[in-house]
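Some notes on the structure that comes next.
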Amino acid sequence: MRRLLRRVRPRTLAARTALFLLLALMAVQAAGLTIHALDRVDLQRAAMERETSSRVFGLWRSMVISPPDRRAAMLAELELPEGLEAALEAGSAVRTGMLPAPPEVLRMVRPEILLGGPPRWRAREVQAGMGFGTLYVSALLPDGSAWVNLRLHMPPLRPWHSETFLIAFLLMTVAAAALIVWATRRLTRPVRDLARAANALGRDVNAPPMPEDGPLEVSTAAHAFNTMAERIRRFVGDRTQMLAAIGHDLRTPITRLKLRAEFMEDEEQRGKMLADLEEMEAMVNATLAFARDDAAAEPSVPLDLAALCRTVLDEAADARPAAAPETFAYEGPERLTVRGRPIALKRALANLVANAANYGNAARVVLVPPGAGGAAPGTIQIRVEDEGPGIPEESQEAVFQPFRRLETSRNRETGGVGLGLPIARNILRAHGGDVVLRNRPGGGLLAVATLPA
């Protein structure tokens, strides 16, 4: 039952609010209509009581003042309300064994009026009883010559009897539902705007601020969000500026050490020192590149992702002229246009391809359009496959930490400082995607990068 409720329950805040208000409106309408129906029943019963009792009194008066030989004819000429029958008979219509009539039913006829009034109009005897939903009232005329027998068939009360009631009810419900849906969408729009602004901030730290307008609660939340975003931008800027200053200061002594190493007479020691300095310079440059994230300032434009993949593979192949032609291969559509930052995406793909070539001896790129080959609708997959030893499952997420290297599958001779995968993930996440690693069933590592279509 709970699973069924989860499936049919709306997922958005606006839909849930609208549904709750509609259910509340229906409950209020049901209560109001019930009260209206009860009032209408009371009014109908009171009107029927007045109409029936007045007709009964008129009928009794006519029978009393009329000559005995004219009473039957006059009774036939009287117009009685629906459900009321009258007859002039020698005996009472109330039989032994009939149920006593309830007071609320007797009020329809009001037999007390037959026993009141002047003595010459007063009934000698009045009897009442119920049988099969019919009220029987018998009154003996003052002269005792005959009984006036009344039979009242209780007509059903119709609280909903109205030709325009259903149409009015439907129009009122539709109008209220439209107003509720419009109001909930308008009231929850700031929540959607806040979600979009948070998503934009996650992709681009320099995203424009939210407008601080609307109700007090909305403007307060927008102001708090803009303040948070400004603090994040200031923190990132301060960190970048600090690392740039450190990198600038480190390059100078590294350059001096290189110059001094050139004058060393021991060639073996000179080579080792220069290699260490080259590695230090590479580490500084990679660290600054990771910290600066220059791609955040690059504008987002439409680009051909298929052509970009082929370009990255061609450049990787040119950098390794001794590699076999099948080492770098592309599979996918000829063209696939997406919106993104070309330089940043090229850098991310180049890092994934270089990682596969360095540690897996091959790089095969498979581009999967949205909804095809396991890709979710609205999502593009870029699969980079290699033929290396793979990575243990418990370490497949740890390699995305900066400067993290796995000694069992990585070594210093291949180069790199452990920032290629973190940089690639940062760039892809800034585009609204991600990258994960999986071991291939047939051997090798598979990097699955995703991008929104």
Do the side chains of V435 and F400 get nearer than 4.5 Å, heavy atoms only? yes
On a heavy-atom basis, which atom in H431 and which in L451 lie closest, and how many Å separate them? CB-CD2, 3.7 Å
Rounded to the nearest 0.5 Å, what separation is found between the CG atom of N351 and the CG atom of L428? 10.0 Å
Side-chain heavy atoms of I423 within contact of R347, under 4.5 Å: yes
Could you report the tightest heavy-atom contact between G390 and L445, atom names first, then the distance? CA-CB, 4.2 Å
Please check if any side-chain donor atom of N358 sits under 3.5 Å from a side-chain acceptor atom of R320, or the reverse. yes
E49: which residues meet the side-chain hydrogen bond (donor to acceptor under 3.5 Å, both in side chains) condition with it, sequence neighbours left out? none
Spell out, as yes or no, whether a donor-acceptor pair under 3.5 Å connects the side chain of R339 to the backbone of A453. no
If you measure from CD on E82 to CG on L152, what distance do you get to the nearest 0.5 Å? 10.5 Å
Which heavy atom of P342 sits nearest to which heavy atom of V301, and what is that distance? CG-CG2, 3.6 Å
side-chain contact (heavy atoms from CB on, under 4.5 Å) between L305 and T337, worked out: CA-CA 6 Å; L305 190 58; T337 302; over 6 Å; no
Can you tell me how far the OG atom of S54 sits from the CG atom of L59, to the nearest 0.5 Å? 11.0 Å
What donor-acceptor contacts under 3.5 angstrom involve side-chain atoms of residues 361-380, with partners at least two apart or in another chain?
| unit_1 | atom_1 | unit_2 | atom_2 | d |
| --- | --- | --- | --- | --- |
| R364 | NH1 | E385 | OE1 | 2.8 |
| R364 | NH2 | E331 | OE1 | 2.1 |

What I'd like to find out is whether the side chain of Y136 reaches to under 4.5 Å of the side chain of T134, using heavy atoms alone. yes
Decide side-chain hydrogen bond (donor to acceptor under 3.5 Å, both in side chains) for E393 and N439; before the verdict, give the C-alpha distance in whole Å, the side-chain angles of both, and the deciding distance to 0.1 Å. CA-CA 8 Å; E393 291 186 5; N439 288 324; 5.4 Å; no
May I ask you to decide whether E267 forms a salt bridge with K272, counting only side-chain N to carboxylate O separations under 4.0 Å? no
Rounded at 0.5 Å granularity, tell me how far CG in L277 sits from OG1 in T255. 9.0 Å
How about L187 and T17: do any of their side-chain heavy atoms sit closer than 4.5 Å? no
Can you establish whether the number of heavy atoms outside R185 located under 6.0 Å from its atom CZ is more than 12? no
Output yes when a side-chain donor or acceptor of S395 lies under 3.5 Å from a complementary backbone atom of I391, and no otherwise. no
Mark yes when over 12 heavy atoms from residues, nucleotides or ligands other than R151 sit less than 6.0 Å from its CZ; otherwise mark no. yes
Stepwise, does the side-chain contact (heavy atoms from CB on, under 4.5 Å) test hold for S53 with V56? CA-CA 5 Å; S53 60; V56 168; 5.6 Å; no
Residue pair M172, Q29: steps toward the side-chain contact (heavy atoms from CB on, under 4.5 Å) verdict: CA-CA 10 Å; M172 181 175 63; Q29 282 186 327; 3.0 Å; yes
For K346, is there an ion pair with E315 - N to carboxylate O distance below 4.0 angstrom? yes
Donor-acceptor under 3.5 Å (R440 side chain, D386 main chain): yes
State whether the number of non-hydrogen atoms from other residues, nucleotides or ligands found under 6.0 Å of E262 atom CD is greater than 12. yes
L421 versus L352: any side-chain heavy-atom pair under 4.5 Å? yes
Count the heavy atoms belonging to other residues, nucleotides or ligands that lie under 6.0 Å from CZ of R438, then report whether that count exceeds 12. no
Could you tell me whether M98 atom CE has more than 12 heavy atoms of other residues or ligands within 6.0 Å of it? yes
Taking all non-hydrogen atoms of both residues into account, name the closest pair between A350 and V312 and its distance. CA-CG1, 3.7 Å
Within the 4.5 Å heavy-atom criterion, are V448 and Q381 side-chain neighbours or not? yes
Heavy-atom neighbours of M264 CE exceed 12 at 6.0 Å: yes
side-chain contact (heavy atoms from CB on, under 4.5 Å) assessment of D213 paired with S219: CA-CA 5 Å; D213 53 7; S219 60; over 6 Å; no
Heavy-atom closest pair, residues L336 and P333: CB-CG, 4.3 Å
Indicate yes or no: at least one non-hydrogen side-chain atom of V436 is less than 4.5 angstrom from one of Q396. no
F132 CZ to L99 CG distance, which is reported to the nearest 0.5 Å: 9.5 Å
Nearest non-hydrogen partners of A197 and M210, listed with the distance: CB-CG, 3.3 Å
Value for CG (L21) from CG (L23), rounded to nearest 0.5 Å, stands at 9.0 Å
